[in-house]
Amino acid sequence: MSGATYFSQECPTCGRQLQVRLAYLGKTVSCQHCEREFEASPSPQKASDSGEYLLDRAEELLTSVEASRPRPR
């Protein structure tokens, strides 16, 4: 039986709640859902409840989608 201790952290990319082992604190981990990497930290890295954050995040996602689209010839 594992004696691992976990903390809950939201993925900064997809917003899913993840259970991260305390042993990974301060290290780079990958989200199981979107596979993006981020630093494991139990303290919030953003104000997810602010409207300004949501608008900034939406703009970031739209920009990344537009950048990944093939250019017309």
Side-chain angles (χ1 to χ4, degrees):
M1 180 175 191
S2 173
T5 303
Y6 296 85
F7 63 90
S8 183
Q9 180 174 356
E10 182 178 300
C11 172
T13 303
C14 71
R16 296 262 185 111
Q17 283 291 26
L18 307 170
Q19 295 298 311
V20 181
R21 282 186 180 203
L22 197 55
Y24 297 130
L25 183 62
K27 297 181 181 176
T28 301
V29 296
S30 297
C31 176
Q32 311 166 15
H33 306 283
C34 69
E35 299 179 1
R36 298 302 291 256
E37 293 183 343
F38 59 94
E39 184 178 326
S41 170
S43 61
Q45 297 179 344
K46 59 181 168 64
S48 60
D49 58 350
S50 84
E52 185 176 336
Y53 166 77
L54 293 174
L55 290 173
D56 289 344
R57 184 68 183 126
E59 183 66 33
E60 182 181 320
L61 290 170
L62 288 170
T63 301
S64 69
V65 167
E66 290 172 1
S68 66
R69 288 186 182 163
R71 302 278 185 227
R73 295 179 186 195

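Computed over heavy atoms, backbone and side chain alike; hydrogens, waters and symmetry mates excluded. Note that the numbering runs from 1 along the sequence shown for the chain. This is a predicted model, so every value here is computed, not measured.
Scanning both residues, E10 and G15, for their nearest heavy atoms gives CG-O, 3.3 Å. The heavy-atom pair separating S41 from F7 by the smallest distance is C-CE1, 3.7 Å. Listed here is the closest heavy atom pair of A40 and Y24: CB-O, 3.2 Å. Contact record, C14 with H33: SG-CB, 4.4 Å, taken as the closest heavy-atom pair. Minimum heavy-atom separation, C31 to F38: N-CE2, 3.9 Å.
In Q17, the CD atom is crowded: over 12 heavy atoms of neighbouring residues, nucleotides or ligands sit closer than 6.0 Å.
Taking OG1 of T13 as the start and CD of E35 as the end, the distance is 11.5 Å to the nearest 0.5 Å. For the atom pair Q19 CD and T5 OG1, the distance stands at 11.5 Å (nearest 0.5 Å).
Residues S30 and R36 have side chains not in contact (no heavy-atom distance under 4.5 Å, counting atoms from C-beta outward).
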